[in-house]
Amino acid sequence: MCEISAWTGVNERTFIAVKPDGVQRRLVGEIIRRFERKGFKLVGMKFLQASEEQLMEHYWDLRGRPFYKGLVKYMSSGPIVAMVWQGLDVVKTSRRMLGETNPANSLPGTIRGDFCVEVGRNVIHGSDSVESAQREISLWFKEHELICWDESTEHWLYA
């Protein structure tokens with residue numbers, strides 16, 4: 001069992017979701033590969049068709065924006081891959097790995113810079129803060145679905 005209060009330092013966690021366009025374009029493996037090569041540890045993963053209700057709760061903070069209904073409809077239009085990654089500064093680092101929300105502003109080498117053309121189909125979601133990560137993880141995963149495990153290479157990553 002993993003305590004949320006212990007999700008700091010090398011145990012910090014973030015929520016990452018490969019959106020329907022990323023799944024349809026078969027980018028899931030490439031995205032997982034990038035996070036693994038960075039040294040982050042996968043502690044939870046699901047392949048699912050999200051309900052509109054769950055997506056409305058996930059994007060609650062955007063409910064007043066003009067694109068909200070279209071976003072919920074798009075995100076429920078196909079399967080997603082929901083993941084929880086763990087590691088030192090994983091929230092901030094993964095946001096850099098994703099690139100800007102608008103792919104036109106994303107640098108080459110970022111996921112959106114390498115694979116996206118339009119903001120409405122930007123392949124991936126990542127938590128924007130530790131607090132958001134905790135909220136999003138608890139929305140998509142039950143506590144028993146997150147696996148605490150010892151990684152044999154951890155001592156090579158962290159001093």
Side-chain angles (χ1 to χ4, degrees), residues 1-62 71-99 101 103 106 109-116 121-158:
M1 188 176 296
C2 302
E3 295 290 325
I4 290 178
S5 61
W7 293 2
T8 59
V10 298
N11 294 318
E12 183 177 292
R13 292 184 173 178
T14 194
F15 176 76
I16 299 292
V18 181
K19 295 179 178 182
D21 60 313
V23 172
Q24 293 293 329
R25 293 177 57 204
R26 296 184 170 105
L27 296 173
V28 174
E30 171 67 21
I31 290 167
I32 291 172
R33 183 181 69 82
R34 288 182 183 214
F35 278 83
E36 286 182 330
R37 285 193 172 173
K38 184 66 178 173
F40 295 134
K41 180 167 55 172
L42 182 64
V43 296
M45 183 167 67
K46 294 180 180 182
F47 183 61
L48 67 136
Q49 180 79 38
S51 70
E52 285 192 9
E53 293 77 23
Q54 190 171 22
L55 291 162
M56 288 169 66
E57 187 173 345
H58 177 86
Y59 289 114
W60 180 253
D61 58 327
L62 301 175
L71 175 62
V72 169
K73 183 176 180 182
Y74 152 66
M75 287 294 291
S76 64
S77 69
I80 66 167
V81 176
M83 298 178 279
V84 179
W85 290 91
Q86 179 176 306
L88 185 64
D89 294 323
V90 69
V91 173
K92 180 172 63 174
T93 304
S94 65
R95 293 291 292 183
R96 287 190 187 132
M97 291 170 63
L98 270 56
T101 301
S106 294
T110 65
I111 292 168
R112 291 177 179 145
D114 290 350
F115 300 115
C116 301
R121 300 289 185 268
N122 65 6
V123 174
I124 193 165
H125 166 85
S127 301
D128 61 6
S129 68
V130 172
E131 296 76 25
S132 292
Q134 290 176 349
R135 183 185 66 78
E136 292 171 355
I137 290 166
S138 67
L139 176 64
W140 294 94
F141 289 87
K142 294 178 176 65
E143 192 172 332
H144 73 274
E145 295 175 310
L146 300 176
I147 309 300
C148 292
W149 58 284
D150 293 326
E151 186 174 10
S152 62
T153 60
E154 206 164 281
H155 71 281
W156 296 108
L157 294 171
Y158 306 111

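Values reported hereafter were calculated over all heavy atoms of this structure, with side chains retained and with hydrogens, waters and symmetry mates removed. The first residue in the sequence is number 1, and the count goes up from there.
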State which residues pass ring pair (Phe, Tyr, Trp, His ring centres under 6.0 Å) with Phe35; sequence neighbours excluded, sorted by chain then number.
-> Trp85
Pairwise distance CG(Leu42) to CD(Gln86) - rounded to 0.5 angstrom = 10.0 Å
Only counting residues at least two apart or in another chain, list the ones meeting side-chain hydrogen bond (donor to acceptor under 3.5 Å, both in side chains) with Ser132.
-> Asp128, Ser129
Who are the side-chain contact (heavy atoms from CB on, under 4.5 Å) partners of Tyr74, not counting sequence neighbours?
-> Lys19, Pro20, Asp21, Leu71, Ser77, Arg121
Can you tell me if Arg95 uses its side chain to pair, donor with acceptor, with the backbone of Gly126 under 3.5 Å?
-> yes
Measuring from Leu157:CG to Leu88:CG, what's the distance to the nearest 0.5 Å?
-> 10.0 Å
Compare every heavy atom of Tyr158 with every heavy atom of Gly39, then report the nearest pair and how far apart it is.
-> O-OH, 4.2 Å
For Pro103, all residues meeting side-chain contact (heavy atoms from CB on, under 4.5 Å), sequence neighbours excluded = Cys116, Val119, Asn122
From OG1 (Thr101) to CD1 (Ile124), nearest 0.5 Å | 11.5 Å
Over all heavy atoms of both residues, which pair between Val91 and Ala133 is shortest? Give the atoms and the distance, please.
-> CG2-CB, 4.2 Å
Residues which pass side-chain contact (heavy atoms from CB on, under 4.5 Å) with Lys38, listed by chain and number, not counting sequence neighbours | Phe40, Thr93, Met97
For residues 46-57, which residue pairs qualify under salt bridge (charged side-chain N to carboxylate O under 4.0 Å, His left out), counting only residues two or more places apart or in two chains?
-> Lys46-Glu145
The side-chain hydrogen bond (donor to acceptor under 3.5 Å, both in side chains) partners of Thr153 (sequence neighbours excluded) come to Glu151
With Ser127, which residues qualify under side-chain hydrogen bond (donor to acceptor under 3.5 Å, both in side chains), at least two apart?
-> Glu136
Trp156 atom CH2, over 12 foreign heavy atoms within 6.0 Å = no
Do you know which two heavy atoms are closest between Ile31 and Met83, and how far apart they sit?
-> CG2-CE, 4.4 Å
side-chain contact (heavy atoms from CB on, under 4.5 Å) with Phe47: of Val23, Val18, Val28, only one passes, and it is Val23
Partners meeting salt bridge (charged side-chain N to carboxylate O under 4.0 Å, His left out) with Asp114 (sequence neighbours left out) = Arg34
Residue list, salt bridge (charged side-chain N to carboxylate O under 4.0 Å, His left out) with Glu154, at least two apart or on another chain = Lys41
Heavy-atom closest pair (Gly22 atom, Val123 atom, distance to 0.1 Å) is CA-CG1, 4.0 Å
So, the side chain of Arg25 versus the backbone of Phe115: is there a donor-acceptor pair under 3.5 Å, distance only?
-> yes
Nearest heavy-atom approach of Pro79 to Gln49 is N-OE1, 3.4 Å
Return the set of residues passing salt bridge (charged side-chain N to carboxylate O under 4.0 Å, His left out) with Arg33 (not counting sequence neighbours), or none when no residue passes.
-> Glu30
Quick one: does Arg135's side chain have a donor or acceptor within less than 3.5 Å of a partner on His58's backbone?
-> yes
To the nearest 0.5 Å, atom CD1 of Ile16 lies from atom CD1 of Ile80 at 12.0 Å
Report the residues that fulfil side-chain contact (heavy atoms from CB on, under 4.5 Å) with Met56, sequence neighbours left out, ordered by chain and then residue number.
-> Tyr68, Val72
Trp140 side chain vs Gln54 backbone, donor-acceptor pair below 3.5 Å | no
Once you round to the nearest 0.5 Å, how far does CD1 of Ile137 lie from NZ of Lys142?
-> 15.0 Å
